[in-house]
Amino acid sequence: MSVLEVKNIKKSFGKTEVLKSIGFSLEKGEVLSIIGSSGSGKTTLLRCINFLDFADGGTITVNGKTVFNGDSDKKLTDAEIRDNRLHFGLVFQSFNLFPQYSVLKNVMLAPILLKRGSTEEIRKKAEALIARVGLSEKMNNYPCELSGGQQQRVAIARALALEPDILCFDEPTSALDPELTGEVLRVIKDLKAAGSTMIVVTHEMEFAKNVSDKVLFMSEGVIEEYGTPEEVFGSPKSEKTKSFLNKSLESF
């Protein structure tokens, strides 16, 4: 059974169709990279999957349970939306850490609010996650005292704290310079090696090529190409994919 099944997702803003019948599935432990030009619908798709936006139609199923049915008249309650979001951990491109809290408290906050154990249990787990992303020495620092790459690694630890089924990244390196990009991508590679299931919206073509199990190329709200990295990068069928990849390679 797939961990995630997305079927026929549609989304419009006014008269602009942003997503046009998007569908794919994800198996446990797989990494899916979503690539495409700005405005192709990548981030909107991720936001719909994470219940930050709501699709106009289609279904989202997690571990065999339909968590969203845009074709039904039944609306989700606020409690159902909150529960459904817990299937996903989202790492934003702009970190979104709480500036008034230390690294440790940023990672502990959500589990404490959701009563996921005693304070001591939550603290121990948070310390282990912070160590996992290589920041034990920054445990008591505040976000303003960290580099962009360090802040993003804290954001990854925070997303892991609620043990989501699927970890989602929205352009996790777009705000970072090349050196800091490398340290964040190494953490994501380590997560893959540990069996994490992930969706990564990225402009890092080498990362998508080397780390992904599947690559999805979007253009103008549709899936233009979908397959293994070898298929998408090695022998793309779509002319739009070929053009996008050629331009991406020229930018290096």
Side-chain angles (χ1 to χ4, degrees), residues 3-4 26 28 43-55 60-69 74-172 175 184 187-188 190-191 194-201:
V3 174
L4 176 68
L26 194 60
K28 186 174 177 59
T43 293
T44 299
L45 174 59
L46 205 61
R47 289 179 62 86
C48 286
I49 292 171
N50 282 270
F51 295 91
L52 295 177
D53 284 326
F54 292 91
I60 300 170
T61 304
V62 180
N63 293 324
K65 177 189 175 185
T66 298
V67 296
F68 175 80
N69 185 352
K74 182 179 179 295
K75 299 301 180 185
L76 294 171
T77 65
D78 289 344
E80 286 172 328
I81 292 168
R82 284 195 299 271
D83 286 344
N84 289 339
R85 281 180 179 150
L86 294 176
H87 290 292
F88 305 92
L90 181 57
V91 179
F92 299 89
Q93 56 183 298
S94 55
F95 323 136
N96 286 17
L97 299 177
F98 294 104
Q100 71 272 35
Y101 296 140
S102 67
V103 166
L104 182 61
K105 190 157 186 184
N106 262 282
V107 178
M108 290 177 63
L109 188 60
I112 285 174
L113 291 174
L114 292 170
K115 298 180 172 62
R116 289 294 185 87
S118 69
T119 300
E120 186 57 31
E121 288 169 339
I122 291 170
R123 173 184 289 274
K124 286 181 179 177
K125 183 178 174 184
E127 288 174 348
L129 288 171
I130 293 165
R132 187 175 177 183
V133 298
L135 289 172
S136 291
E137 76 285 359
K138 300 291 184 180
M139 198 96 59
N140 297 311
N141 288 68
Y142 288 82
C144 64
E145 300 172 310
L146 305 178
S147 70
Q150 289 169 337
Q151 289 187 60
Q152 192 62 294
R153 285 188 277 157
V154 175
I156 293 171
R158 182 179 62 179
L160 289 168
L162 293 176
E163 300 180 351
D165 295 297
I166 301 150
L167 196 55
C168 302
F169 297 85
D170 183 15
E171 298 277 14
V184 171
V187 170
I188 299 175
D190 289 344
L191 292 173
S196 293
T197 307
M198 294 183 279
I199 300 173
V200 186
V201 171

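All residue numbers in this chain count up from 1 along the given sequence.
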| query | Do any N or O atoms from the side chain of E171 and from the backbone of F92 form a donor-acceptor pair under 3.5 angstrom? | reply | no
| task | Enter the distance from L46:CG to C168:SG here, rounded to the nearest 0.5 Å. | result | 5.0 Å
| message | In the structure I gave you, are the side-chain heavy atoms of N69 and K74 within less than 4.5 Å of one another anywhere? | response | no
| Tell me, do V154 and V107 make a side-chain contact under 4.5 Å, heavy atoms counted? | yes
| said: Ignoring hydrogens, what is the shortest heavy-atom contact between R153 and G134? Give both atom names and the distance. | reply: NH1-O, 3.6 Å
| remark: Minimal heavy-atom distance between I188 and M198, with the atoms involved, is O-CE, 3.5 Å
| said: Could you check whether any side-chain heavy atom of I130 comes within less than 4.5 Å of a side-chain heavy atom of K138, counting everything from C-beta outward? | reply: no
| said: Measuring from atom CG of N50 to atom NE2 of H87, what distance do you get when rounded to the nearest 0.5 angstrom? | reply: 11.5 Å
| field | Step-by-step side chain to side chain contact (heavy atoms under 4.5 Å, CB included) determination, I199 to F88 | value | CA-CA 10 Å; I199 300 173; F88 305 92; 5.7 Å; no
| field | Side-chain heavy atoms of N63 within contact of V3, under 4.5 Å | value | yes
| Between L114 and L86, does a side chain to side chain contact (heavy atoms under 4.5 Å, CB included) hold up when you go through it step by step? | CA-CA 10 Å; L114 292 170; L86 294 176; 3.8 Å; yes
| Distance from L76 atom CG to I81 atom CD1, nearest 0.5 Å? | 5.5 Å
| Under 3.5 Å: donor-acceptor pair, side chain of R47, backbone of D53 | no
| To the nearest 0.5 Å, what is the distance between OH (Y101) and CG (N106)? | 9.0 Å
| message | When you measure from the side chain of E145 to the backbone of Y142, do you find a donor-acceptor pair of N or O atoms at a distance under 3.5 Å? | response | yes
| message | Taking the side chain as everything from C-beta on, heavy atoms only, tell me whether R123 gets closer than 4.5 Å to E127. | response | yes
| remark: All heavy atoms of L104 vs all of A126, minimum pair found to be CD1-CB, 3.8 Å
| request: Considering non-hydrogen atoms only, spot the tightest contact between A159 and P164 and give its length. | output: O-CD, 3.3 Å
| field | Within 6.0 angstrom of K125 NZ, more than 12 heavy atoms from elsewhere | value | yes
| field | Evaluation steps, side chain to side chain contact (heavy atoms under 4.5 Å, CB included), between I49 and I166 | value | CA-CA 10 Å; I49 292 171; I166 301 150; over 6 Å; no
| said: Can a donor-acceptor pair be found, under 3.5 Å and without considering hydrogens, that links the side chain of Q151 to the backbone of L97? | reply: no
| query | How long is the gap from CD on E80 to CZ on R82, to the nearest 0.5 Å? | reply | 10.5 Å
| Validation row: L191, L160 side chains within 4.5 angstrom (heavy atoms) | yes
| query | Any side-chain heavy atom of I156 within less than 4.5 Å of one from V184? | reply | yes
| query | Yes or no on side chain to side chain contact (heavy atoms under 4.5 Å, CB included) for T119 and M108, after CA distance, side-chain angles and deciding distance? | reply | CA-CA 9 Å; T119 300; M108 290 177 63; 4.1 Å; yes
| query | In Å and rounded to the nearest 0.5 Å, what is the CD to OG distance from Q100 to S102? | reply | 10.5 Å
| Closest contact, heavy atoms only, A161 versus P111 | CB-CG, 3.8 Å
| said: In terms of relative ring orientation, are F51 and F68 parallel, tilted or perpendicular, with 30° and 60° separating the classes? | reply: perpendicular
| said: Taking the side chain as everything from C-beta on, heavy atoms only, tell me whether L146 gets closer than 4.5 Å to F95. | reply: no
